[in-house]
Amino acid sequence: MRNKYAIAGVGYTPQGKVPGRSAASFYLEASMNAIKDAGLRKEDIDGFILYRDFPILKGDAFHHTANVITKSLGIRPNFLSQEAYCYRTFLHKAIGAIEAGACNYVLVVFAESGRTGHRTWTDEIDTFSSKPYDEYAAYGNISAFTNYAFFASRAMHMFGTGPEVWSEVAVAHRRWANLNPIANYYKKPLTKEDYMAAGCLAWPFRGVDATTSTDGGRAVIITTAERAKELKNPLVTIRGFGVYNDTSKGWQLTPGDPRSSAAVAGRMAFEMAGLTPKDIGAAQIYDCYTYTVEATLADYGFYDPHKSRDFLLADRIGPGGDFPVNTSGGLLAEGYYMGLTPLAEAVMQMSGRCGERQLGVMPGTKLPEFMIVSDNGGYYNSNETMILERG
């Protein structure tokens, strides 16, 4: 499967706080922009995956299902899928459908009006009754925030990490966002002092340790490398990929577990690619929290988890550093489009379309031959890893 598949197009929309727009409008715009970016017609799209279906927000007129969006697009794909849960399977579904001969071009899209609709990520407490979702609320486990906080606090105990490390991650992401005109935090710098002065929301995390909801949409098109060569964009192939899903509760996860989803999926991707972490020149990591970046890169084998303080320095992973991470600003500082935020940025970087932040154009940087991309689901329970190669 090495280099047999490619990402042929990327679709963006206005993003950040965009009042007066429904999630459906973002789904449609992102989809059409990805189709145009690839140089295709909408009739060419014969596979469609709605990346993630969230509960409907106040102000949205209807639930945004794969059926609704494809009907609104005016397409009738042979293969249709909808991810209504938080485990990551879109890549394998897309490749499987193409391998089976069901379709040729699979469009994957996520959209949300989460910022104006006030998506809170606290589904563990019923919004209307304030009654706990399950018994874990009695122990303070009331949101994704607290699940990750449990995980991160255990890593503090085991590996000596903590806010000193996460501040470097947050500052680096903000530096990248300051070079990205569409980022939520464009021209909004963050210093280490700013980070440390921020109050904790769920110990040991501050608000700047977590991604925020975003309005907008993001889409990509997956096809074979042979078909992608005939389209208009520079070829970006998937040299290796892997997926693994763990059904443990978030608070049951152990940092540094060699059977973590990221560790297993990463090993699969590196084995297929025939590469090691030393071959990777940059990373686009699913960064719902600052600690997720640390945990994922450690599980991928980029450094010993006891040595995150030496590896995760803003001057190293930020602009001009020797190992760029999340060059759009990531989920933390560009915008929250699930795993399509890091994947879209990786494709744009590898095809040389990132303007001022373009690796190889920015002083002190080079465009790598290989870039690793992570997609994380649940509370670090699920991971889909891709290693991209410039064609």
Side-chain angles (χ1 to χ4, degrees), residues 52-55 83-92 119-126 131-163 165-166 169 200-207 209-211 242-269 285-308 312 331-332 336 338-339 342 374-385:
R52 176 72 198 276
D53 173 35
F54 281 118
E83 309 289 88
Y85 45 86
C86 215
Y87 284 88
R88 299 302 190 244
T89 59
F90 80 84
L91 179 67
H92 287 67
R119 179 78 68 194
T120 63
W121 311 112
T122 54
D123 293 338
E124 289 81 353
I125 289 183
D126 188 292
K131 292 181 179 179
Y133 181 78
D134 59 32
E135 66 272 22
Y136 301 115
Y139 301 94
N141 191 14
I142 61 172
S143 68
F145 215 114
T146 53
N147 267 281
Y148 275 95
F150 288 147
F151 189 36
S153 62
R154 188 165 184 177
M156 291 174 67
H157 171 73
M158 293 175 62
F159 301 127
T161 188
V165 176
W166 306 332
V169 175
C200 282
L201 294 184
W203 191 89
F205 281 152
R206 294 155 168 82
D209 283 306
T211 185
V243 66
Y244 191 74
N245 295 295
D246 186 349
T247 56
S248 302
K249 293 284 187 179
W251 51 267
Q252 294 174 317
L253 299 176
T254 302
D257 182 355
R259 290 290 296 174
S260 80
S261 294
V264 176
R267 288 195 292 270
M268 290 178 181
I285 302 297
Y286 190 102
D287 55 321
C288 50
Y289 295 87
T290 50
Y291 174 63
T292 316
V293 177
E294 176 185 354
T296 304
L297 288 172
D299 282 349
Y300 282 167
F302 283 94
Y303 56 84
D304 184 302
H306 291 92
K307 297 181 179 179
S308 61
L312 292 174
L331 301 170
L332 287 169
Y336 183 74
M338 308 292 282
S374 78
D375 190 1
N376 167 71
Y379 309 120
Y380 205 70
N381 312 90
S382 176
N383 187 280
E384 206 157 34
T385 303

Novice: Using the side-chain hydrogen bond (donor to acceptor under 3.5 Å, both in side chains) criterion, which residues pair with Y87? Sequence neighbours excluded.
Specialist: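 Scan of Y87 (side-chain hydrogen bond (donor to acceptor under 3.5 Å, both in side chains), adjacent residues dropped) gives none.
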Novice: Give the minimum heavy-atom separation between R206 and F145, together with the two atoms involved.
Specialist: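 Residues R206 and F145, closest heavy atoms: O-CZ, 3.7 Å.
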Novice: Got a donor-acceptor contact below 3.5 angstrom from the S382 side chain to the R88 backbone?
Specialist: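 Flag set: sc S382 to bb R88 pair under 3.5 Å.
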Novice: Between P163 and P204, which heavy-atom pair has the shortest distance, and what is it?
Specialist: CG-O, 4.4 Å
Novice: Can you list the residues that meet the side-chain contact (heavy atoms from CB on, under 4.5 Å) rule with T292, with sequence neighbours excluded?
Specialist: Y148, C288, Y289, T296, N376, Y380
Novice: Between A202 and A149, what is the shortest heavy-atom contact and its length?
Specialist: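 Heavy-atom minimum between the residues: O-CB, 3.8 Å.
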Novice: Would you give the length of the straight line joining atom CG of N147 to atom OH of Y379, rounded to the nearest 0.5 angstrom?
Specialist: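 Output value for this atom pair is 4.5 Å.
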Novice: Under the salt bridge (charged side-chain N to carboxylate O under 4.0 Å, His left out) rule, collect the residues that match up with D209, sequence neighbours excluded.
Specialist: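 With neighbours one apart ignored, the set is empty.
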Novice: Before giving the answer on side chain to side chain donor-acceptor pair (under 3.5 Å), spell out for R259 and Y244 the whole-Å C-alpha distance, their side-chain angles and the decisive distance to 0.1 Å.
Specialist: CA-CA 9 Å; R259 290 290 296 174; Y244 191 74; 2.8 Å; yes
Novice: Does S248 use its side chain to pair, donor to acceptor, with the backbone of L253 at less than 3.5 Å?
Specialist: no
Novice: Restricting to non-hydrogen atoms, name the atom on S308 and the atom on V165 that form the minimum distance, rounded to 0.1 Å.
Specialist: OG-CG2, 3.9 Å
Novice: Which atoms form the tightest heavy-atom contact between E83 and F90, and what is the distance?
Specialist: OE2-N, 3.8 Å
Novice: Determine whether F205 and C200 make a side-chain contact, defined as any pair of heavy atoms from C-beta on separated by less than 4.5 Å.
Specialist: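 When only atoms from C-beta onward are counted, C200 and F205 do not touch, as no gap falls below 4.5 Å.
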Novice: At what distance, to the nearest 0.5 angstrom, does CD of Q252 lie from CG of N381?
Specialist: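 Output value for this atom pair is 9.0 Å.
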Novice: Can you find a side-chain donor-acceptor pair between S260 and D299 that sits under 3.5 Å?
Specialist: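 Indeed, the side chains of S260 and D299 share at least one donor-acceptor pair under 3.5 Å.
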Novice: What residues, two or more places apart in sequence or in another chain, satisfy side-chain contact (heavy atoms from CB on, under 4.5 Å) together with M158?
Specialist: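 R154, T254, P255.
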Novice: Can you list everything that forms a side-chain contact (heavy atoms from CB on, under 4.5 Å) with P305? Sequence neighbours excluded, please.
Specialist: F159, A298
Novice: Side-chain contact, heavy-atom cut-off 4.5 Å: L297 with I285?
Specialist: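 Counting from C-beta outward, L297 and I285 do come under 4.5 Å.
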Novice: Can you name the residues that form a side-chain contact (heavy atoms from CB on, under 4.5 Å) with V243, not counting sequence neighbours?
Specialist: H92, N245, E384
Novice: Start with the C-alpha distance between S374 and Y300, add both sets of side-chain angles, then the distance that settles side chain to side chain contact (heavy atoms under 4.5 Å, CB included), and finish with yes or no.
Specialist: CA-CA 10 Å; S374 78; Y300 282 167; 3.1 Å; yes
Novice: For the pair D287 (side chain) and L332 (backbone), establish whether a donor and an acceptor sit closer than 3.5 Å, ignoring hydrogens and angles.
Specialist: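 At least one qualifying donor-acceptor pair exists.
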Novice: Can you check whether A262's main-chain N or O pairs, donor with acceptor, with R267's side chain at less than 3.5 Å?
Specialist: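 No.
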Novice: Check E294 against W166 and note the closest heavy-atom contact, atom names and distance.
Specialist: OE1-NE1, 2.8 Å
Novice: Can you check whether L331's main-chain N or O pairs, donor with acceptor, with T211's side chain at less than 3.5 Å?
Specialist: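 Checked: pair present.
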